[in-house]
There are 2 protein chains.
Amino acid sequence: MTNIRKVAELAGVSVATVSRALKTPDVVSPGTRDKVLAAVEQADYRPNLTAVQFRSQRTRNLVVLVPTIANTFFARVIGGIQEAAQRRGYGILLCNTLGDERTERAYAGLVSTRQADGLIQLRAHDPFTTSSGQARPPMVNACEVLDAAPCPTVKLDNRAAARSVTEHLLALGHCRIGMIKGPRNSPLTRDRLLGFQDALAVAGLLPDESLVFPGDFTPSSGYRAAGDLLSRADPPTAIFCENDEMAMGAMRRIKEAGLRIPEDISVAGFDDIAFASFCDPPLTTIAQPAEDFGREAVALLLDIIDDRDDAADEHRIMPFELVTRESTGPAA
Amino acid sequence: MTNIRKVAELAGVSVATVSRALKTPDVVSPGTRDKVLAAVEQADYRPNLTAVQFRSQRTRNLVVLVPTIANTFFARVIGGIQEAAQRRGYGILLCNTLGDERTERAYAGLVSTRQADGLIQLRAHDPFTTSSGQARPPMVNACEVLDAAPCPTVKLDNRAAARSVTEHLLALGHCRIGMIKGPRNSPLTRDRLLGFQDALAVAGLLPDESLVFPGDFTPSSGYRAAGDLLSRADPPTAIFCENDEMAMGAMRRIKEAGLRIPEDISVAGFDDIAFASFCDPPLTTIAQPAEDFGREAVALLLDIIDDRDDAADEHRIMPFELVTRESTGPAA
DNA sequence: TAGGTGAGTGTAACCGGTTACATTTCGCTG
DNA sequence: CAGCGAAATGTAACCGGTTACACTCACCTA
């Protein structure tokens, strides 16, 4: 391994000069700089990054905790994170936590032990064990966000978005609307449910708990929940699913029951994943700027890391858009 | 930051003893060990990982280069990689390369500069600039594999798998079969095309280049290619797509043309992504153990890193399975 | 000409662990 | 009780950079 000393020797200068020629070229004379660069070239020298990181206490790595990478929406968010991080010279250490707290804490430890400069959490959970008194490591909470997050956040106004979907269904004349929600205890699910109920209330409808079934954001959970909804004596004329994956599962189940979408029953989703416009019929849903969630989270995190302190308590709300396609139609 | 010296002082021992008590507990006496552990606890000491990495020249990080994380299949592979890596105490540095060579080389550099111990490449491309004479950094090539990979590989027998799909279509009586393939220059695409042609040849059919259209593994490219196939004077009675994403796009296009699947035209995909069994009709496809690709790649890579040298030239072939669903049926 | 200035460079301490080697401790045998 | 070897522990070099501080020297001013 060629190190800085070999290069210094080769160039006939001191190690300090080599370091400076590479990091702050403007403080060395042009002549020496050229000598050093030539020596670097000749020796095929590349600084040992672990040494640089160790000495400078900066790794230029960010930890990303994602509940499940198999979810198309999260995959897009990660794409945005990675792109933004890379552009700023940061790498990302990805952890697919599957919602496991121990795993999350272990990876969060990478920040405490200086193997990463900060952390982006895409789940509504604080992975840092509240070490008494000490400063919190840099963190941003995005997508599924804690109510009282101890850090900047990037989220959607889930309540307003769910309300707009529901209003769309109400406008089509539906008044018995089923809902397939996400896991319990999730602020995101709670907000979407609230938005759903807001719209019903404005329309003068009473919320009916028996029309709400929980899922886990996978197609098969949507499939199961739709089965439950259809087996009612008075099945709903429309179903609002908290994400597109569950909506696709629900649509499958509805078709297997011999019902037509949207003639017999309307279906709406949430996220606008790539498949939403390709399923049959194309899915009415809420479009979110997934990649931007990631980019924004990185921007906020780097603001904290470089302590541009004004950013320490920012809470960004990302825009959404109701995309109406053929999966929703007038009530029968 | 509490460091090893503070702990040593607290425990009334030397730094060496602290280091040993933590790394090789069996060489220190039980009494001292307890003293040290108590001091560690009291000081809330956690070794600075960058220092450990620097000193031991081991980072316990692996670089993963993925062409696009938005692809459901790759997302699953990454899930497998992450799980296996984590179990062995390794983290993964993810790079969504979008097929860009410069990006790939930059990340590959993390291995050369010791910020990672090895690399997993999911694309058929060698990211290391062939540095003359020097030893190749540890690398494994998985999924889309180079023909003459300079490293262990994990792949599918794409030719056999494509052949089995095609045989299934032929057995159903189809003799004009369209194909939507992947990007040119990809060994993976070439092999699937060869398998397709193998089956046709065995059935005594001549390959017809005009029935083969290129896509890029996205639903919209499948949609476009299907449009091209349908606009022929004699459209095919079946279409084999090189992945499920394109198959879903193709199915959408076929329905928009007013044709029924599979009565008018059969469609088959490749990968068996989560949505394959939920689309309409459920998709006939090739199931691959995506997560196992990742796990296997990690296992091989760690074999090289820990130079269990017997592994240096392994080429694993993963199993596949034809999953027949309702998207394929007898030729009209 | 003495003295001051600042650009360019070198010396060496330092980051926080790991570990080779030296030293001490302790139990055991003759 | 001397003597020995093994076990336990301490000392300090080391990894490869970064950077504070010291130093040299050319140039300028009074």
Side-chain angles (χ1 to χ4, degrees), chain A residues 1-40 43-61 89 109-117 137, chain B residues 1-40 43-61 89 109-117 137:
Chain A
M1 199 61 190
T2 87
N3 60 21
I4 200 172
R5 273 159 252 274
K6 287 219 193 74
V7 175
E9 200 178 337
L10 218 68
V13 299
S14 73
V15 291
T17 300
V18 174
S19 180
R20 284 189 280 252
L22 294 175
K23 291 229 334 166
T24 49
D26 43 310
V27 305
V28 306
S29 72
T32 344
R33 194 188 315 156
D34 292 346
K35 269 195 299 183
V36 171
L37 293 182
V40 164
D44 188 30
Y45 168 70
R46 316 229 232 137
N48 179 325
L49 277 189
T50 62
V52 175
Q53 292 175 349
F54 167 49
R55 185 59 237 245
S56 55
Q57 300 285 37
R58 269 292 205 94
T59 59
R60 302 189 81 82
N61 282 335
L110 295 182
V111 184
S112 315
T113 54
R114 320 231 153 225
Q115 203 191 135
D117 298 341
Chain B
M1 200 60 192
T2 87
N3 59 21
I4 201 172
R5 272 159 254 275
K6 286 220 194 72
V7 175
E9 200 177 337
L10 217 68
V13 299
S14 72
V15 292
T17 300
V18 175
S19 180
R20 284 190 280 251
L22 295 175
K23 290 227 336 165
T24 50
D26 43 312
V27 305
V28 307
S29 72
T32 358
R33 194 188 315 158
D34 292 347
K35 269 195 300 182
V36 170
L37 293 182
V40 164
D44 187 30
Y45 168 69
R46 318 232 229 134
N48 179 325
L49 278 190
T50 63
V52 175
Q53 292 175 349
F54 168 48
R55 186 57 236 248
S56 54
Q57 300 286 37
R58 269 291 203 94
T59 60
R60 301 189 82 82
N61 282 334
L110 295 182
V111 183
S112 316
T113 54
R114 320 231 152 224
Q115 203 192 134
D117 299 341

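Quick note on labels: first sequence line is chain A, next is B, and so on, each numbered from 1. Worth knowing before you read on, the calculation uses all heavy atoms, side chains too, and leaves out hydrogens, waters and symmetry mates. As the structure is a prediction and not an experimental result, all values here were calculated from the model.
Residue B:A51 is the one, among B:A51 and B:A16, whose nearest nucleotide of DNA chain C lies closer to the 5' end (criterion: closest heavy atom). Heavy-atom distances to DNA chain D give each of B:R20 and A:R46 a nearest nucleotide, and the one nearer the 5′ end belongs to B:R20.
Proximity of A:T17 to A:T32: side-chain heavy atoms (C-beta onward) are separated by under 4.5 Å at one or more points. Residues B:N61 and B:D117 form no side-chain contact, since every pair of their non-hydrogen atoms from C-beta on lies 4.5 Å or further apart.
Counting any heavy atom pair closer than 4.0 Å across all strands shown, A:T32 reaches sugar-phosphate atoms only and no base atom. Across all strands shown, A:S19 has heavy atoms under 4.0 Å from base atoms, whether or not it also approaches the sugar-phosphate.
The structure places CG of B:L22 at 6.5 Å from CG of B:L37, a figure rounded to the nearest 0.5 Å. To the nearest 0.5 Å, atom CD1 of residue A:I4 and atom NZ of residue A:K6 are 12.5 Å apart.
On the nucleic acid side, DNA chain D contacts chain B at distances under 4.0 Å to non-hydrogen atoms, with the end points of that region at D:dA8 to D:dG16.
Within a 6.0 Å sphere centred on CD of A:Q57, other residues, nucleotides and ligands contribute more than 12 heavy atoms.
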Sequence neighbours excluded and cut-off under 3.5 Å, please list the side-chain donor-acceptor pairs for residues 48-55 of chain B, or say none.
{"residue": "B:N48", "atom": "OD1", "partner": "B:T50", "partner atom": "N", "Å": "2.9"}
{"residue": "B:N48", "atom": "OD1", "partner": "B:T50", "partner atom": "OG1", "Å": "2.6"}
{"residue": "B:N48", "atom": "OD1", "partner": "B:A51", "partner atom": "N", "Å": "3.2"}
{"residue": "B:Q53", "atom": "NE2", "partner": "A:Q115", "partner atom": "OE1", "Å": "3.2"}
{"residue": "B:Q53", "atom": "NE2", "partner": "B:T59", "partner atom": "O", "Å": "3.2"}

